[in-house]
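This report refers to the structure that appears directly beneath it.
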Amino acid sequence: MDSTTKLSDAAVIAQFRLAIIAPVIHDLYPDVSRNAYYRRITEKPLTLPDGSVFQYNPKTIN
């Protein structure tokens, strides 16, 4: 794996993480609170960019 591939992988992961927290950053989450948003988005496992599935804890997102 060359450095370009590593950078591309890192960019994809960064975009994934940003998509999860962007509603909080912009104060646009549809839930009654940030904590409610964190709980809702972590109720089910998320599919990561590499195709693996991971169950996050709300505190991790917070």
Side-chain angles (χ1 to χ4, degrees):
M1 184 178 330
D2 64 19
S3 62
T4 305
T5 302
K6 287 180 186 177
L7 181 58
S8 297
D9 291 346
V12 169
I13 292 168
Q15 287 178 325
F16 175 79
R17 290 176 177 171
L18 178 60
I20 291 172
I21 64 169
V24 175
I25 293 170
H26 298 292
D27 202 26
L28 296 173
Y29 48 90
D31 306 273
V32 297
S33 69
R34 289 179 179 190
N35 287 330
Y37 172 74
Y38 302 144
R39 284 191 303 272
R40 181 177 56 80
I41 66 169
T42 58
E43 285 177 347
K44 298 179 183 176
L46 296 172
T47 302
L48 304 177
D50 68 359
S52 63
V53 177
F54 189 80
Q55 180 77 42
Y56 283 96
N57 183 305
K59 289 182 182 181
T60 301
I61 306 298
N62 184 11

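Residues Asp50 and Asp9 form no side-chain contact, since every pair of their non-hydrogen atoms from C-beta on lies 4.5 Å or further apart. Taking the side chain as every heavy atom from C-beta outward, Pro45 and Phe54 never approach each other to under 4.5 Å. You'll find the side chain of Val24 reaches within 4.5 Å of the side chain of Tyr38, heavy atoms only. The shortest side-chain heavy-atom distance between Ile41 and Tyr29 does not fall under the 4.5 Å cut-off. Looking only at side-chain heavy atoms (C-beta outward), Pro49 and Gln15 stay at 4.5 Å or farther from each other.
Residue Ile21 is not grouped with residue Ile13 when hydrophobic side chains (ILVMFWY) are merged at heavy-atom distances under 4.5 angstrom, including chains of intermediate members. Cluster annotation: Leu48 is connected to Leu18 through the hydrophobic network of ILVMFWY side chains, with a link wherever side-chain heavy atoms come within less than 4.5 Å.
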*Can Asn35 and Ser33 be said to form a side-chain hydrogen bond (donor to acceptor under 3.5 Å, both in side chains), step by step?*
CA-CA 5 Å; Asn35 287 330; Ser33 69; 5.3 Å; no
*Chi angles and distances behind the side-chain contact (heavy atoms from CB on, under 4.5 Å) call for Ile20, Leu46*: CA-CA 10 Å; Ile20 291 172; Leu46 296 172; 3.8 Å; yes
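Checked against salt bridge (Lys or Arg N to Asp or Glu O under 4.0 Å), Arg17 has no partners two or more places apart in sequence or in another chain.
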Name every donor-acceptor pair, under 3.5 Å, that has one atom in a side chain of residues 55-62 and the other anywhere in the protein, sequence neighbours excluded.
| from | atom 1 | to | atom 2 | distance (Å) |
| --- | --- | --- | --- | --- |
| Gln55 | NE2 | Thr42 | O | 2.5 |
| Asn57 | OD1 | Lys59 | N | 2.8 |

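Here Val53 sits alone; no ILVMFWY side chain lies under 4.5 Å from its own, so it joins no hydrophobic cluster.
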